[in-house]
Amino acid sequence: VGEWQEGYEDSGAGWTARMHQIMERLFWLRKPVVAAVNGPAVGAGCDLALVADIRIASTEARFGELYVRYGYCPDAGGSYLLPRLIGEARAAEMIYTGRLVEAAEAAEIGLVNEVLPPDELVERATTVARQLAGGPTVAIGLAKENLRRSATESFGAILRAEATAAEICAATADHSEGLAAAAERRQPEFTGR
């Protein structure tokens, strides 16, 4: 907000250009992003949480697209991300009014995956991140890419992308390990290859 008052935003090196680079990278990153939110996630902070694949919140978390309170509109991806998570009507209400959504409501409307006490938040988010990192990372990365593409591509295009991804996955050591583990009735030990 201080940069807005100084006119810094109007230059090419301003907030929007920098934030767009960050958001694009996180959106297309082939690794899942886990957000742990333990307080207010508002404006671009809300959008930063929205771009994550999995959002875990403490009971102290609050979410809001507060741009309208400054006579502004979302500029960090909220117009794209929020309606895909909670539906267009709810997203419109949050964006147009700048209303804060408490953690319990955020879970109820699908904005976050789960809500826990503040002292359990970091441990849970770390556990989820470790679980994902220990999984078949090639398969997870390709699945994320196809999920992201599904927002703008046709069903047929996604079927073709899934077929390509399946070919790539089938050639990985993790796929072989997953099949062997299933046959041997044990937990797989993935290596990310």
Side-chain angles (χ1 to χ4, degrees), residues 14-37 40-57 61-68 72-115 125 128-129 131-133 135-170 172 174-175 192:
W15 165 261
T16 302
R18 293 189 320 264
M19 194 63 179
H20 285 188
Q21 288 177 341
I22 292 166
M23 296 299 281
E24 283 258 9
R25 283 184 165 162
L26 290 173
F27 187 84
W28 291 111
L29 184 67
R30 272 222 177 145
K31 294 173 176 58
V33 176
V34 178
V37 182
V42 298
C46 182
D47 297 337
L48 195 55
L50 297 177
V51 80
D53 300 286
I54 297 172
R55 285 162 302 288
I56 303 171
R62 296 185 312 276
F63 300 85
E65 293 287 331
L66 303 186
Y67 299 95
V68 72
Y72 209 65
C73 61
D75 68 349
S79 302
Y80 181 89
L81 299 164
L82 191 60
R84 284 163 175 75
L85 290 171
I86 66 171
E88 190 173 333
R90 284 189 172 122
E93 188 259 341
M94 279 183 69
I95 290 170
Y96 300 165
T97 67
R99 182 175 75 83
L100 283 173
V101 172
E102 300 294 328
E105 181 183 357
E108 183 181 307
I109 64 176
L111 187 59
V112 299
N113 298 81
E114 63 183 292
V115 177
V128 170
Q131 177 186 0
L132 294 169
T137 54
V138 172
I140 292 170
L142 290 166
K144 176 177 177 173
E145 183 177 313
N146 286 335
L147 279 170
R148 296 301 198 202
R149 292 174 64 189
S150 72
T152 58
E153 296 195 23
S154 71
F155 182 60
I158 294 303
L159 286 175
R160 290 186 292 279
E162 287 179 345
T164 300
E167 287 178 24
I168 294 167
C169 288
T172 65
D174 281 347
H175 178 63

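All values derive from a computational prediction rather than experimental measurement.
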Does [X] reach the side chain of [Y], with side-chain heavy atoms less than 4.5 Å apart?
X: R62; Y: V37; value: no
X: L50; Y: L111; value: yes
X: R55; Y: L85; value: yes
X: L81; Y: F27; value: yes

How many angstroms lie between atom [atom1] of [X] and atom [atom2] of [Y], to the nearest 0.5 angstrom?
X: I86; Y: L82; atom1: CD1; atom2: CG; answer: 4.0 Å
X: L26; Y: K31; atom1: CG; atom2: NZ; answer: 12.0 Å
X: L66; Y: I95; atom1: CG; atom2: CD1; answer: 11.5 Å

Looking at [X] and [Y], what are the two nearest heavy atoms and their distance?
X: F63; Y: C46; answer: CB-SG, 4.2 Å
X: R84; Y: A151; answer: NE-CB, 3.5 Å
X: D174; Y: P136; answer: OD2-CA, 3.3 Å
X: A57; Y: A61; answer: CB-CB, 3.7 Å
X: A52; Y: V34; answer: CB-C, 4.5 Å
X: P74; Y: S79; answer: CB-OG, 3.7 Å

Self-check item: Side chain H20, main chain D75, donor-acceptor under 3.5 Å
Solution: yes
Quiz item: With no hydrogens and no angle check, is any side-chain donor or acceptor of Y67 less than 3.5 Å from a backbone partner on A44?
Solution: yes
Practice problem: Taking side chain to side chain donor-acceptor pair (under 3.5 Å) as the test, write out the residues that go with R30, two or more places apart. | Solution: E145
Quiz item: By side chain to side chain donor-acceptor pair (under 3.5 Å), which residues pair with D53, not counting sequence neighbours?
Solution: K144, R148
Indicate every side-chain donor-acceptor pair of residues 156-166 with a distance under 3.5 Å to a residue at least two apart or in another chain.
{"residue": "R160", "atom": "NH1", "partner": "G156", "partner atom": "O", "Å": "3.2"}
{"residue": "T164", "atom": "OG1", "partner": "R160", "partner atom": "O", "Å": "3.2"}

Quiz item: Between L132 and I54, is a side-chain contact (heavy atoms from CB on, under 4.5 Å) present by the stated rule, with each step listed?
Solution: CA-CA 11 Å; L132 294 169; I54 297 172; 3.9 Å; yes
Quiz item: Does atom CD of E114 have more than 12 heavy-atom neighbours from other groups under 6.0 Å away?
Solution: yes
Quiz item: How about E93: does its CD atom have over 12 heavy atoms from other parts shown lying under 6.0 Å from it?
Solution: yes
Practice problem: May I have the step-by-step check of side-chain contact (heavy atoms from CB on, under 4.5 Å) for T97 and E65, ending in yes or no? | Solution: CA-CA 8 Å; T97 67; E65 293 287 331; over 6 Å; no
Quiz prompt | Sequence neighbours excluded - ring pair (Phe, Tyr, Trp, His ring centres under 6.0 Å) pairs with any residue from residues 140-169 | solution = none
Quiz item: By salt bridge (charged side-chain N to carboxylate O under 4.0 Å, His left out), which residues pair with E102, not counting sequence neighbours?
Solution: none
Quiz item: For E105, which residues count as a salt bridge (charged side-chain N to carboxylate O under 4.0 Å, His left out) partner, sequence neighbours excluded?
Solution: R99
Practice problem: Let me see the working for V51 and V33 under side-chain contact (heavy atoms from CB on, under 4.5 Å), right down to the final yes or no. | Solution: CA-CA 8 Å; V51 80; V33 176; 5.7 Å; no
